[in-house]
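Shown next, in C-alpha cells, is the structure this report addresses.
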Amino acid sequence: MDINSIMNNLEAKHPGEKEYLQAVKEVLMCVEDVYNQHPEFERNKIVERMVEPDRIVTFRVTWLDDKGEVQNNIGYRVQFNNAIGPYKGGIRFHASVNLSILKFLGFEQTFKNALTTLPMGGAKGGSDFSPRGKSDREIMRFCQAFILGLWKNLGPDRDVPAGDIGVGGREVGYMYGMYKRLVNQHDGTFTGKGLEFGGSRIRPEATGFGALYFVQSVLKTNKDDINGKTIAISGFGNVAWGAALKATELGAKVVTISGPDGYIYDPEGLNAEKIDYMLELRASGNDIVAPYADKFPGSTFYAGHKPWEQKVDIALPCATQNELNGDDAHQLVDNGVKYVCEVSNMGCTPEAIDTFISSRIIYAPGKAVNAGGVATSGLEMSQNAMHLQWSAEEVDDKLHTIMRDIHEQCVKYGTESDGYINYMKGANIAGFMKVANAMMGEGVC
Ligand code: 2IT
C-alpha cells in the first residue's frame, strides 16, 4: 500500500475535508504492515473501496420556527460501509456539522462497530441545525422535517440511526415518531428510543459506562486500580455524564467538566448531586458550564480554558473531535498523566497522539473506548428483533463482556516488542481486518 499516493488522490478528490482525511490517514498508517502481508487485499483494492462511503444522502430541511418564519438547514446521511451488517451510527445536530465531519465519523464508525463483535455496518448523519436556544416545539418540527428528507433510506435491515452531539432521547423520540408514521410500521429503526417504545435499558449510560469498563481493563493490565485516581473529564453532555457517574461509583475523583465557554475545576470531586446537575445544565439548552461554579462553592470556572491544564492521573476527553491538541498533550504529560482514554470520537489531534505514544503514556482511541454506546444500540436492535426487553443487569453484563473483548482485541493486535500496548494500532488493525475479510468474502461489488 502506498499511503502517500492514496492520500494525495483523496486530497485531490475531496479538497479541504480535513477531519475525514485525518481519520483515513490514521487508519492507513496503523494497518499498513498487516495490509502488505495480504496481497489479496491489494489485488481487490480493499483500501481504495473502504475509504469511500458507499453512499451519501444530502437533503434540504425546511421547518417553521416559533415566530412562523421559514428556516432552512442541510441534512446528511453518510452510509459508509455495510460489509458486516446494516448501516448503523448516530445523528449529530450542531452548527459545525459538514460533510468532512460526517465522513470522518462514518469512517470511524465502521471500524468501531466491527470491534463491538456485533453485526453492524458504519454510518453517520446530521445537520448544521443548532439546538442551542431552540424551544421544544422547534426541536420537534426540525426533527420531523429532517426525517421527511431521510426516511426512505432507513429501515431495520438497511440503516438504523441513533443519537450523537445535540441528539438525545427527546430528539430520537421525535424522529422515530415521524418515521413510524411514514412507513406505517413500528420496526425499531433508531436506537436510543424511550423505554416505553422499544428502547434498551442502560443505553443512555452505555457510552460512559462502557468507557469506564475499558479504563478498568487498561488499569488491570497495568496492575493498577481506578479507586482514588483523579480524572479530568471534558464536556458535560450525555457521554461525560455517564463517564462521571461510573468513575465516581468506582471510587475515582472527577475534578473537571467543560463546555464551549470554559471548564470547571472542582477539587472535591463530583458527587451524585453534581452529576445530576450536569443534566440540568444540559437541559437549559444554553451550552455553558459556568453556572456550576455559582452553585457549588469550592469549584472554579476557568473561562476559555481547557481542563487539560490540571494535574490528573487519567484524562477522559468526552466532548468532540480534536479537542485535545499537541500543547494540551505536553501539559498533561508534564503533569504526570498516566492514562488518556478518548471517549469522544477522534478527541486527540495526531500531534497529541504522537506525544502520548512517544512518551509511552497509555493512549486509547475513541473507536475502542466509546464503542459501548453503539454496542448497546446493537443490543437494542436485538431486543427489538426478538420483541422483548432485557433487564438492566442483563444489558450491563453484555456491555461488560463486549468492552473486555474490545480491550483484548486491542492487546492482541497492538502489543509492541517492548511490551507497550499501542491501543490505536490494536483497535485499527482489529477493526480493519474484520471489515476487510467481510469485503473479501462478499466479492468485488
Ligand atoms: O459515535 C457513536 O458511536 C454514537 N454516536 C452512537 C451510535 C449508535 O448507533 O448508537
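Remember, it's 1-based here, ligands and their atoms both numbered in the order they're listed.
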Can you sort out which atoms of ligand 1 are near [X], meaning under 4.0 Å from one of its heavy atoms?
X	value
Lys88	8 (C), 9 (O)
Ser377	8 (C), 9 (O), 10 (O)
Gly163	4 (C), 5 (N), 6 (C)
Asn345	1 (O)
Ala162	8 (C), 9 (O), 10 (O)
Gln109	1 (O), 2 (C), 3 (O), 7 (C)

Go through the side-chain N and O atoms of [X] and [Y] and say whether any donor and acceptor fall under 3.5 Å apart.
X	Y	answer
His14	Lys103	yes
Tyr87	Gln109	no
Gln310	Thr256	no

Using salt bridge (Lys or Arg N to Asp or Glu O under 4.0 Å) as the criterion, point out the one residue from Arg201, Lys88, Lys193 that pairs with Glu380.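 The option that passes is Lys193.
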I need the nearest protein heavy-atom contact for atom 7 (C) of ligand 1: residue, atom name and distance, please.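 It is Gly90 N, 3.5 Å.
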Can Lys112 be said to touch ligand 1, with heavy atoms closer than 4.0 Å?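 The answer is yes: ligand 1 sits under 4.0 Å from a heavy atom of Lys112.
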Can you check which of Arg203, Met381, Lys367, Lys124 brings a heavy atom nearest to atom 6 (C) of ligand 1?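 Nearest option to atom 6 (C) of ligand 1, by heavy atoms: Arg203.
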Extract all donor-acceptor atom pairs below 3.5 Å that involve side chains of residues 392-402 and protein atoms in other chains or at least two apart in sequence.
| residue | atom | partner | partner atom | Å |
| --- | --- | --- | --- | --- |
| Asp396 | OD1 | Tyr213 | OH | 2.7 |
| Asp396 | OD2 | Tyr213 | OH | 3.2 |
| Thr401 | OG1 | Asp397 | O | 2.9 |

Does the distance from a Lys or Arg side-chain N to an Asp or Glu carboxylate O, for Asp164 and Arg92, drop under 4.0 Å?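 Yes.
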Report the relative orientation of the aromatic rings in Phe93 and Phe129; use parallel for angles under 30°, tilted for 30 to 60°, perpendicular for over 60°.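 Aromatic pair Phe93/Phe129 classed perpendicular.
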